[in-house]
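In what follows, a structure is listed as structure tokens, so that the remarks can point back to it.
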Amino acid sequence: QVHLVESGGGSVQAAGSLRLSCVHSGYRDSTNCILWFRQAPAKEREGVAGYFIVAGTTIYDASVKGRFTTPQDNAKKTVYLQMNALEPEDTAMYYCAASVICSLNLTIASMGHITWGQGTQVTVSS
């Protein structure tokens, strides 16, 4: 059974940085990627970044490209979300997910199996 635990959220001023961690265990054979989503109050959950496990490649939403990266530490079974140049618009609850379908479009990703972490709050003040 896949299990994900996020950490690293907090409060930061605009232009600052945070690094979120997603520790994963119990991969399903069909798990193809670790995705990062976020959800702001009164908004839909949106995908921001993804790490393709086999290929080792990454994808980013246009809103975060150039600011966010997803480094990994395979020995620690951890995928990170390094967030730089944070903006108040980045304020949200951030979730990592182990997914069969590697898409930042939640509707598409939801067509396959997804396991969610518990989420971690990121607040960026201006």
Side-chain angles (χ1 to χ4, degrees):
Q1 183 175 356
V2 181
H3 187 58
L4 304 171
V5 178
E6 298 113 332
S7 62
S11 297
V12 65
Q13 289 190 326
S17 298
L18 281 175
R19 188 176 75 165
L20 307 184
S21 300
C22 176
V23 180
H24 52 83
S25 62
Y27 267 162
R28 298 163 62 99
D29 289 343
S30 56
T31 298
N32 292 315
C33 48
I34 297 293
L35 304 173
W36 287 96
F37 287 82
R38 67 185 179 187
Q39 188 166 17
K43 291 189 175 181
E44 294 185 351
R45 192 169 295 190
E46 61 178 4
V48 295
Y51 168 66
F52 290 59
I53 295 169
V54 173
T57 54
T58 54
I59 54 173
Y60 300 98
D61 183 75
S63 65
V64 305
K65 198 168 186 179
R67 301 188 297 124
F68 291 12
T69 59
T70 55
Q72 315 89 36
D73 185 331
N74 292 329
K76 295 182 178 179
K77 296 185 178 181
T78 302
V79 176
Y80 301 97
L81 183 66
Q82 178 66 45
M83 305 184 294
N84 299 324
L86 282 162
E87 304 167 352
E89 293 74 20
D90 296 317
T91 295
M93 184 72 81
Y94 283 71
Y95 301 89
C96 69
S99 180
V100 173
I101 297 176
C102 297
S103 174
L104 296 182
N105 182 308
L106 184 55
T107 299
I108 294 174
S110 297
M111 295 178 182
H113 189 274
I114 298 178
T115 299
W116 294 98
Q118 83 283 2
T120 186
Q121 178 68 37
V122 172
T123 302
V124 184
S125 58
S126 57

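These numbers come from the heavy atoms of this one structure, side chains and all, not from hydrogens, waters or symmetry mates.
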To the closest 0.5 Å, what do you measure between [atom1] ([X]) and [atom2] ([Y])?
X	Y	atom1	atom2	answer
Ile34	Leu81	CD1	CG	12.5 Å
His3	Ser25	NE2	OG	6.0 Å
Ser7	Gln118	OG	CD	8.0 Å

So do the side chains of Val122 and Leu18 get within less than 4.5 Å of each other, counting heavy atoms only?
yes
Side chains of Leu104 and Val48, heavy atoms from C-beta outward: is any pair under 4.5 Å?
no
Show the numbers, then the answer: is there a side-chain contact (heavy atoms from CB on, under 4.5 Å) between Thr31 and Val2?
CA-CA 9 Å; Thr31 298; Val2 181; 4.1 Å; yes
Given side-chain contact (heavy atoms from CB on, under 4.5 Å), test Leu20 with Met83 step by step and report yes or no.
CA-CA 8 Å; Leu20 307 184; Met83 305 184 294; 3.8 Å; yes
Common cluster, [X]/[Y], ILVMFWY with side-chain heavy-atom separation under 4.5 Å:
X	Y	answer
Phe52	Phe37	yes
Leu4	Ile114	no
Val79	Phe68	yes
Trp36	Val12	yes

When every non-hydrogen atom of Gly50 is compared with those of Thr70, the smallest separation belongs to O-OG1, 4.2 Å
Minimum-distance pair of heavy atoms, taken over all atoms of Ser110 and Leu106
OG-O, 2.6 Å
Taking the side chain from [X] and the backbone from [Y], do they hold a donor-acceptor pair closer than 3.5 Å?
X	Y	answer
Glu44	Gln39	no
Thr120	Gly9	yes
Asn74	Lys77	no
Asn32	Val100	yes
Ser103	Asn105	yes

How about [X] and [Y]: does a side-chain donor come under 3.5 Å of a side-chain acceptor?
X	Y	answer
Ser17	Asn84	yes
Thr57	Tyr51	no
Asp61	Ser63	yes

Please step through side-chain contact (heavy atoms from CB on, under 4.5 Å) for the pair Ile101 and Ile108, ending with a clear verdict.
CA-CA 7 Å; Ile101 297 176; Ile108 294 174; 3.9 Å; yes
Does Trp116 form a side-chain contact (heavy atoms from CB on, under 4.5 Å) with Arg45? I'd like the steps, not just the answer.
CA-CA 12 Å; Trp116 294 98; Arg45 192 169 295 190; 3.4 Å; yes
Within 45° cone of Tyr80 ring axis and under 6.0 Å: Arg19 NZ or CZ
yes
Let me check something: any side-chain donor-acceptor pairs from residues 88-95 under 3.5 Å, sequence neighbours excluded? List them with distances.
residue	atom	partner	partner atom	Å
Asp90	OD1	Arg38	NH1	2.8
Asp90	OD1	Arg67	NH2	3.0
Asp90	OD2	Arg67	NH1	2.7
Asp90	OD2	Arg67	NH2	3.4
Asp90	OD2	Glu87	N	2.8
Thr91	OG1	Pro88	O	3.0
Thr91	OG1	Val124	N	2.8
Thr91	OG1	Val124	O	3.3
Tyr94	OH	Arg38	NH1	3.0
Tyr94	OH	Asp90	O	2.6

